[in-house]
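As the structure is a prediction and not an experimental result, all values here were calculated from the model.
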Amino acid sequence: MQQRCGAHHGHGHGHGGTTTTPTYPTLAPTTTARITRGRAPPMPHPPLAAAATLRRRLLPLSSPLSSFSSSRVRLLLPRAMKSSSTATRHAGAAAEGEYEEVLGRLSSLITQKVRAHTGNRGNQWDLMHRYLQILELEEPIARMKVIHVAGTKGKGSTCTFTESILRSCGFRTGLFTSPHLMDVRERFRLDGVDISEEKFLNYFWSCWNKLKEKTDDDIPMPPYFRFMALLAFKIFSAEQVDVALLEVGLGGKFDATNVVKTPVVCGISSLGYDHMEILGNTLGEIAGEKAGIFKKGVQAYTAPQPEEAMIALRQRASELGISLQVADPLKPHQLKDQYLGLHGEHQYVNAGLAVALASTWLEKQGHMDRMPLNRTDPLPDQFIRGLSSASLQGRAQIVSDSQVNSEEKDRDSSLVFYLDGAHSPESMEICARWFSHATKEQSQTCSKSRRILLFNCMSVRDPMRLLPHLVDTATQNGAHFDLALFVPNQSQYNKLGSKASAPAEPEQIDLSWQLSLQAVWEKLLHDDNKGSNSTDSGETSLVFESLPLAIEWLRKNTVEDPSTSYQVLVTGSLHLIGDVLRLLKK
């Protein structure tokens, strides 16, 4: 079955699977795979009949990969996905088999309904309460001390900061976030660590078997994200955490996490335009959906918001008769010369919200002695320790490629990946500012550098709303991209981050979405260069049939160009970030 643009259901929020393509520059669908070199938007191309012809088109003589044998190219995809562990293969075969079986069962819960289908807005949401009854979770959830966070961007970072603060204060924590990047167990953290495989399997089977026994045509098995939320409730109640931090998957009002009736405190991180096909086309509509987590009698906080969003949030708070307070961004002096564990200026906004949420939770639980004295003085040491030690993969993360850089110790060349899961217009700007400043620091230590974009996004997102924000902001901050690489997500071919391979035959890979992204990029550069008298006719973009081939191409160029540092920004999709991290880890 063909899938477009890395709509990898396994990582997502489980509101359906397949996606629809919007109406910006698109090209005739293709089932062929090739590298397309960009100077102008590519034209639709006919299917190529033979694999040999395909390989010639894929690797023209001018490509640095042309020295690869055709068999080597064929092997790149499967080999990249093989398990790197052989020493413990026999000992762990049974456990690995069981884990793969569980991933397969989770995959079976992914609905094939289009994510934007109107039925997804509350589609059989009342069934969540029936599932809670089946799993006997109603009482445990009522006793749980929950911090509930919604938002467009920064909600995962806010939850991570809040968890780290409360863990530093000595409490047992449970953190539920999404999506995962490399392993599904990342979604469930106990005391700051991913749940162990053994515990995960035990709790999975406990929930799965009870639900399988009691569900039928009238009460079907819960879809993927709802099952994950139920599993989180089961884990946190059984593990007797002091505080459970729940990140909303999508929206708020109809999110699976919103079965919590009386959280201790609620938070809304920064709002912007995302998932508009489900949540609405205006900031007011989007804010209204997020405010669905507000509850009567429960204190609520928000990060600073645009006025349109703030009006909607205040209106909902007023209807419920609750206090909605704006959490001020943290000031650097409050950290006493320490740095936030998550990088980027925007993290001071998320940290400010986290401090407000953690402080209110401590107050409501009667731990007044551990709270900050006020909003402006330096924070208590436990808060600073928590904020400075927080970690979250795929957000303003810098990873040096050890495979290339370890071999090139005596040379100036290096390959460094700058990873950020930005996927909304606002977060693109934040990402571009971070990348510009971070690469400037590295460029001071090397003689020559090339900035490269490695990009993909889901086809429900409009690249005309993403790429211009990225390019313009980077340019304004002194960073110009020398090249853009467009790839399909590796993870679209396998279950939930399992070790399954991508299709071995290139004919099965549909690159029409990546070619559309390339067309948008080329048009963007063409428009920018109209009045600049630029005569640069060099390559500006490439489309690769797979992520491993793109990484291989980057590594080969780095080795062959000893005086240049390659700075690669990976963004547009958290799924892409996870795929890159998985490959670099190997």
Side-chain angles (χ1 to χ4, degrees), residues 1-9 12 17-48 54 57-58 114-116 273-277 421-425 428 452-472 481 483-493 502-503 506-529 539-547 549-550 553 569-577 579:
M1 189 181 76
Q2 294 271 337
Q3 281 184 326
R4 282 269 186 94
C5 79
H8 168 40
H9 315 311
T18 54
T19 55
T20 54
T21 308
T23 56
Y24 23 81
T26 53
L27 301 157
T30 174
T31 53
T32 63
R34 61 176 181 166
I35 297 178
T36 299
R37 302 180 169 276
R39 290 188 181 84
M43 297 299 293
H45 48 282
L48 301 178
L54 173 67
R57 296 286 297 276
L58 185 79
V114 175
R115 249 181 145 191
Y273 294 98
D274 197 20
H275 300 299
M276 290 145 68
E277 74 282 3
H423 51 266
S424 71
M428 280 286 149
I452 295 175
L453 174 66
L454 179 58
F455 188 89
N456 193 31
C457 66
M458 292 176 63
S459 64
V460 291
R461 298 203 165 92
D462 181 352
M464 288 301 294
R465 293 178 63 85
L466 302 180
L467 289 172
H469 285 269
L470 181 72
V471 172
D472 292 348
F481 290 104
L483 189 67
L485 313 180
F486 299 100
V487 293
N489 290 351
Q490 185 77 5
S491 52
Q492 67 179 298
Y493 303 117
E507 288 84 351
Q508 296 179 35
I509 300 172
D510 178 5
L511 292 178
S512 54
W513 177 246
Q514 283 67 43
L515 294 168
S516 296
L517 294 174
Q518 184 185 40
V520 170
W521 178 263
E522 292 299 327
K523 183 178 186 307
L524 195 61
L525 296 190
H526 179 260
D527 291 347
D528 284 351
N529 288 335
E539 235 161 39
T540 53
S541 63
L542 299 172
V543 168
F544 284 87
E545 69 162 353
S546 75
L547 178 61
L549 278 175
W553 185 90
L569 174 62
V570 186
T571 191
S573 160
L574 274 167
H575 313 317
L576 176 63
I577 301 290
D579 297 340

Step-by-step side chain to side chain contact (heavy atoms under 4.5 Å, CB included) determination, Thr571 to Leu454: CA-CA 7 Å; Thr571 191; Leu454 179 58; over 6 Å; no
Evaluate side chain to side chain contact (heavy atoms under 4.5 Å, CB included) for Leu517 paired with Val543, printing each intermediate quantity in order. CA-CA 9 Å; Leu517 294 174; Val543 168; over 6 Å; no
Would Phe455 and Leu485 satisfy side chain to side chain contact (heavy atoms under 4.5 Å, CB included), going step by step from the backbone distance to the final call? CA-CA 6 Å; Phe455 188 89; Leu485 313 180; over 6 Å; no
Step by step, work out the side chain to side chain contact (heavy atoms under 4.5 Å, CB included) result for Leu569 and Leu470. CA-CA 11 Å; Leu569 174 62; Leu470 181 72; 4.0 Å; yes
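In plain terms, the two heavy atoms of Glu545 and Leu511 that are nearest each other are CA-CD1, 3.9 Å. Between Asn489 and Ser573, the shortest heavy-atom distance links the atoms ND2-OG, 3.5 Å. For the pair Pro463 and Pro468, the tightest heavy-atom approach, listed with the atom from each and the gap, is O-CD, 3.4 Å. Taking both residues in full, the closest heavy atoms of Glu539 and Leu483 are given as O-CD1, 3.8 Å, listed atom of the first, atom of the second, then distance. Taking each heavy atom of Ile577 and Val570 in turn, the nearest pair found is CD1-O, 3.2 Å. When all heavy atoms are compared, the tightest approach of His575 to Met458 is NE2-SD, 4.2 Å.
Using a 4.5 Å cut-off on side-chain heavy atoms (C-beta onward), Gln514 and Pro488 make contact.
Taking CG of Leu466 as the reference point, atom OG of Ser424 lies at 7.5 Å (rounded to 0.5 Å). Of the inter-residue distances, the one linking Met464 atom CE with His469 atom NE2 reads 10.0 Å to the nearest 0.5 angstrom. Atoms CD and OG1, on Glu522 and Thr540 in that order, are 3.0 Å from each other to the nearest 0.5 Å. One distance of note links SG of Cys457 with CE of Met428; it measures 7.5 Å at 0.5 Å rounding.
The side-chain contact (heavy atoms from CB on, under 4.5 Å) check on Ala484 picks up Leu453, Phe486, Trp521, Ser541, with sequence neighbours excluded.
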